[in-house]
A.B. asks: 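For reference, the structure I am asking about is given below.
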Amino acid sequence: MPKKTNRPKNASRNVTSVSELRATRAVDAITPAFVDWCRQTEDVPAEDVLVLLGPVKVLVAAYFHASPSSEPTNFEPVPFGLVLAEILGANGEDVANFSFDAILFYLEFLGASGLWTGTDDDFNAVDDLFHMDEERSLLAITAPELTAAEELAALAGTGLAQRLEKLLRWLGEGKP
């Protein structure tokens, strides 16, 4: 017979994903350096700096979920851009603008303090996402219009399709 819990039926659970937990811990590890940098360069009080880290933690958690990374000091441009666009698009204009500014400020900190652990090319590409002119959008990706025959031809050229075809030929009508 299952044990009864003392929790009411309508009590909500606080569920945190592994990505969120990893992101929080990773960002918390460099928070003291960020607070010091903000005080020295911009004279920002520590309480305000901690508010700035809210959107950064959301971004890092989404980035950890989208990529195999575990460092909040190194971002690859494409997954970073996709995650950034998703986060900014999911909120109202005021929250999106605040998040944009907070994340940009965090990136400036990583670059200025020497804590960026990725390549210079990755840093420049990520930084460029924040400094694009208004006519361009964040990673506007347009999928080409393909016919069914073109899709099949492209798929047939992949290693996975070739292995699958070999397997199916080997199986034939079936193997004992």
Side-chain angles (χ1 to χ4, degrees), residues 12-144 154-155 158-161 163:
S12 63
R13 294 182 182 182
N14 187 6
V15 178
T16 301
S17 74
V18 173
S19 297
E20 290 172 2
L21 184 60
R22 287 177 39 226
T24 298
R25 287 183 177 168
V27 173
D28 285 349
I30 61 173
T31 295
F34 185 58
V35 170
D36 290 342
W37 182 80
C38 291
R39 280 189 197 156
Q40 293 171 4
T41 61
E42 301 291 328
D43 197 29
V44 178
E47 310 82 52
D48 294 345
V49 174
L50 297 177
V51 172
L52 287 173
L53 285 174
V56 171
K57 288 179 181 180
V58 170
L59 173 100
V60 172
Y63 184 81
F64 284 1
H65 184 72
S67 73
S69 179
S70 62
E71 297 179 35
T73 57
N74 177 7
F75 303 106
E76 292 181 14
V78 173
F80 180 89
L82 294 172
V83 166
L84 181 64
E86 181 181 319
I87 288 170
L88 297 179
N91 295 305
E93 187 175 344
D94 290 339
V95 174
N97 288 337
F98 176 76
S99 297
F100 183 92
D101 291 339
I103 294 165
L104 175 57
F105 197 59
Y106 177 74
L107 284 173
E108 289 173 358
F109 153 72
L110 292 177
S113 65
L115 290 175
W116 176 262
T117 58
T119 66
D120 289 341
D121 289 340
D122 282 351
F123 181 82
N124 292 333
V126 168
D127 189 55
D128 285 347
L129 293 172
F130 292 91
H131 303 291
M132 297 182 342
D133 58 357
E134 291 183 19
E135 293 178 13
R136 293 170 50 195
S137 65
L138 286 176
L139 292 177
I141 299 173
T142 306
L155 179 62
T158 65
L160 177 64
R163 287 187 191 111

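Just so you know, these numbers use all the heavy atoms, side chains as well, and skip hydrogens, waters and symmetry mates.
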A.B. asks: Show me, pair by pair, the donor-acceptor contacts under 3.5 angstrom made by side chains of residues 78-89, not counting sequence neighbours?
C.D. replies:
none

A.B. asks: With sequence neighbours left out, what residues match D127 under side-chain contact (heavy atoms from CB on, under 4.5 Å)?
C.D. replies: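 By the side-chain contact (heavy atoms from CB on, under 4.5 Å) rule, D127 matches L104, F123, H131.
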A.B. asks: Scan for side chain to side chain donor-acceptor pair (under 3.5 Å) pairs involving residues 98-110, sequence neighbours excluded, and state none if there are none.
C.D. replies: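 For residues 98-110: none.
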A.B. asks: Indicate the atoms forming the closest heavy-atom contact of A29 with P32, along with that distance.
C.D. replies: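 Minimum heavy-atom separation between A29 and P32: O-CD, 3.9 Å.
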A.B. asks: Indicate every side-chain donor-acceptor pair of residues 38-66 with a distance under 3.5 Å to a residue at least two apart or in another chain.
C.D. replies:
{"from": "T41", "atom 1": "OG1", "to": "W37", "atom 2": "O", "distance (Å)": "2.8"}
{"from": "K57", "atom 1": "NZ", "to": "D28", "atom 2": "OD1", "distance (Å)": "2.8"}
{"from": "Y63", "atom 1": "OH", "to": "E76", "atom 2": "N", "distance (Å)": "2.7"}

A.B. asks: Only counting residues at least two apart or in another chain, list the ones meeting side chain to side chain donor-acceptor pair (under 3.5 Å) with T117.
C.D. replies: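 T117 satisfies side chain to side chain donor-acceptor pair (under 3.5 Å) with E71, T73 only.
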A.B. asks: If I compare all heavy atoms of F130 with all of L107, which pair ends up nearest, and what's the gap?
C.D. replies: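 Taking F130 first and L107 second, the nearest heavy atoms are CE1-CD1, 3.1 Å.
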A.B. asks: How long is the straight-line distance from OG1 of T119 back to CG of N74, given to the nearest 0.5 Å?
C.D. replies: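 It is 7.5 Å, given to the nearest 0.5 Å.
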A.B. asks: Show the nearest heavy-atom pair for residues A33 and L115, with the distance to one decimal.
C.D. replies: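 So the two residues come closest at CB-CD1, 4.2 Å.
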A.B. asks: When you look at F75 and L110, which way does the side chain to side chain contact (heavy atoms under 4.5 Å, CB included) test go after all the steps?
C.D. replies: CA-CA 11 Å; F75 303 106; L110 292 177; 4.2 Å; yes
